[in-house]
Protein chains: 2
Amino acid sequence: MEVRRRDIHNSDIPIVCRACEARHGGVCGTLTPEQLTELNKHSTRHRLETGAEVIGQGETIVNYSNIMRGVVKLTKVMADGRQQIVGLQFAPDFLGRPFLEESAITAEAATESEVCNFPRPVLDRLMKKTPELEHKLHRQALKELDEARDWMLTLGRKTAQEKVASFLYLIATHIDPESVDMSTFDLPLSRADIADFLGLTIETVSRQFTKLRKENVIRIENNRHVIVPDMDRLMRYASAD
Amino acid sequence: MEVRRRDIHNSDIPIVCRACEARHGGVCGTLTPEQLTELNKHSTRHRLETGAEVIGQGETIVNYSNIMRGVVKLTKVMADGRQQIVGLQFAPDFLGRPFLEESAITAEAATESEVCNFPRPVLDRLMKKTPELEHKLHRQALKELDEARDWMLTLGRKTAQEKVASFLYLIATHIDPESVDMSTFDLPLSRADIADFLGLTIETVSRQFTKLRKENVIRIENNRHVIVPDMDRLMRYASAD
DNA sequence: GCCGCCATTTGATTTTGATCAAGTGAAAGC
DNA sequence: GCTTTCACTTGATCAAAATCAAATGGCGGC
């Protein structure tokens with residue numbers, strides 16, 4: 001049984017949006033072709049080098065973004081430099097904090113990435129007019145909240161080994177939503193970033209990688225490429241459910 | 001200059017809602033008197049003993065709630081019993097997870113509390129009809145997300161002493177939004193709960209309380225009543241900004 | 001191919017917080 | 001009034017992860 005799409009002709013949709021809209025279910029998915037065309041007039045695409053900042057902690061939010069490709073890390077920094085990654089966003093996630101003047105976090109490309117930027121007032125106006133859009137953003141916020149709370153359990157109660165296994169499991173299941181085979185992937189984060197995500201030091205992260213490798217839970221090539229022979233086994237090491 | 005309220009006569013609002021609506025800005029605040037009356041027809045108020053469960057991890061969500069009085073803790077439990085409190089909700093917070101079948105967390109009264117329950121379908125229907133209501137819930141979700149991320153920094157990067165000081169600061173600033181004087185309050189959590197919130201053991205929490213007491217950052221009476229002579233000093237101990 | 005740089009790993013030692021084990025003290029029950 | 005109980009505190013020891021300190025290894029530039 002074929003389900004007919006509601007949004008009429010693909011040709012009504014801006015060219016740059018087509019590939020994106022077709023592949024994923026980003027926030028633009030709820031918009032009519034007209035709204036998409038209007039939004040697209042003001043939106044700009046950007047390629048981000050690894051480490052490029054989308055927005056900094058304490059800065060005024062003038063743009064929202066959609067991640068088209070790559071991984072963006074959300075970090076919080078303390079006055080003395082201690083750092084914690086509080087979220088990882090993957091394509092096609094929405095990036096931004098509606099209803100707040102300034103950003104409480106820094107958003108920074110963890111890998112070479114591509115984003116689509118919308119001027120804040122344009123999307124805010126569109127949100128007021130289109131309850132469906134706010135609904136979509138509401139869902140995304142709740143998804144991020146669920147993820148944040150899952151991670152709080154990891155940060156507060158798991159051992160270093162469980163933390164590292166949990167991280168690998170998270171990446172395996174999120175890095176490529178297209179792929180059916182999650183057992184081989186490239187890590188989007190350096191050891192330093194992984195440490196900041198897990199609330200550990202680089203050295204502890206490295207030692208746990210070595211330990212998981214020696215116990216044949218994972219194989220590692222070139223420090224970044226990971227192969228998981230048995231995903232369930234990794235999950236058990238992560239004490240995940 | 002007096003600001004005239006938009007919502008006509010107070011007498012149009014259900015009696016049980018008046019005190020609540022007047023005191024705080026809960027989710028009901030956006031509803032018209034008619035909608036409030038309609039919602040109130042289906043809503044039920046409950047007194048919760050300390051420890052009473054509002055909903056359990058993995059259970060089907062059949063109700064949403066509003067906290068009228070008291071503190072509710074949100075917890076996650078691992079298969080082996082390790083536990084983490086992933087959120088504290090204070091009156092007049094909304095309690096519930098829209099758009100999801102079952103709850104990923106347990107919600108449980110941390111103190112003797114009072115909640116107002118709404119059958120899920122009633123509020124879901126109202127949300128579809130009233131974008132302002134979804135907007136309010138969206139805002140609440142984002143607030144909880146901000147709080148969760150703040151806490152991730154605490155869990156991942158702060159020392160035991162900073163964690164305990166951060167907890168005290170959090171309670172001081174949240175327990176009684178009415179009060180101007182935040183320097184004296186009762187702890188809504190037992191030492192065991194505080195440990196589960198901070199990712200520590202009871203013993204470590206206790207030792208840090210003793211240390212803060214000896215350094216005159218706080219005074220403690222009857223294990224639960226706390227006096228903070230200098231809030232800025234506590235904040236510095238928390239490494240908060 | 002060799003050099004230098006930087007990320008990562010590995011090793012030795014220290015520190016922080018966990019664990020194990022008694023105490024203390026306040027409130028409830030007999 | 002005395003015991004029992006339970007939450008909390010305090011003390012001694014242990015273990016996990018941090019810190020300090022080198023080594024290793026991959027990669028781009030020359």
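All chains are named by letter (A, B, ...) in the order of the sequence lines, taking the proteins before the strands, and each is independently numbered beginning at 1.
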Identify, between B:R207 and B:S190, the residue whose nearest nucleotide on DNA chain D lies closer to the 5' end.
-> B:S190
Say whether, by atom type as modelled, one donor and one acceptor occur between the side chain of A:N222 and the main chain of A:H225 under 3.5 angstrom.
-> no
Can you tell which of C:dT10, C:dG17, D:dC8 lies closest to the side chain of B:A160?
-> C:dG17
Interface with DNA chain D, restricted to residues 194-203 of chain B and to heavy atoms under 4.0 Å = B:I202, B:E203
Does the side chain of A:F99 come within less than 4.5 Å of A:R97's, by heavy atoms?
-> yes
Measure the angle between the two terminal helix axes of the helix from C:dG1-D:dC30 to C:dC30-D:dG1, five base pairs each, and quote it to 10°.
-> 30°
Please report, rounded to the nearest Å, how far the P atom of C:dG25 is from the CD1 atom of B:I220.
-> 15 Å
Distance test, side-chain N/O of B:T210 to OP1/OP2 of D:dT10, below 4.0 Å | yes
Compare side-chain N and O positions of B:T204 against OP1 and OP2 of C:dG17 and report whether any pair is under 4.0 Å apart.
-> no
B:R82 and A:E162 ion-paired at < 4.0 Å = yes
Is there a side-chain contact between B:V228 and B:L168, using heavy atoms and a 4.5 Å cut-off?
-> no
For atom NZ of A:K211 and atom P of D:dA17, their distance in whole Å | 8 Å
Find the distance A:F209:CZ to D:dG25:P and express it as a whole number of Å.
-> 18 Å
Protein-nucleotide distance (B:R224, atom CZ; D:dC6, atom P), rounded to Å = 16 Å
Can you check the B:L189 CG to D:dC8 C1' distance for me, whole Å?
-> 15 Å
Starting at CD of B:E162 and ending at P of C:dT16, how long is that distance when rounded to a whole Å?
-> 12 Å
Is a salt bridge present between A:D196 and A:K73, judged by a nitrogen-to-oxygen distance below 4.0 Å?
-> no
Side chains of B:F167 and B:I194 in contact at under 4.5 Å (non-hydrogen atoms) | yes
Take B:T106 and B:K76 through the test side-chain hydrogen bond (donor to acceptor under 3.5 Å, both in side chains) and record every step on the way to the result.
-> CA-CA 6 Å; B:T106 298; B:K76 278 183 169 276; over 6 Å; no
Check the surroundings of atom CZ in B:R219: do more than 12 heavy atoms from other residues, nucleotides or ligands lie under 6.0 Å from it?
-> no
Can you check the B:H225 NE2 to C:dA26 P distance for me, whole Å?
-> 17 Å
Residue closer to the 5' end of DNA chain C, A:R157 versus A:S206 (nearest nucleotide) | A:S206
Side chain A:W151, main chain B:R149, donor-acceptor under 3.5 Å | no
Using atom CZ of A:R82 as one end and atom P of C:dT16 as the other, report the distance to the nearest whole Å.
-> 13 Å
Quick one: which of D:dC27, C:dA18, C:dT10 gets closest to the side chain of A:N222?
-> D:dC27
In terms of the nearest nucleotide of DNA chain D, which residue is placed more toward the 5' end: A:Q161 or B:R213?
-> B:R213
Report yes if the side chains of A:M235 and A:M231 come closer than 4.5 Å at any heavy-atom pair, otherwise no.
-> no
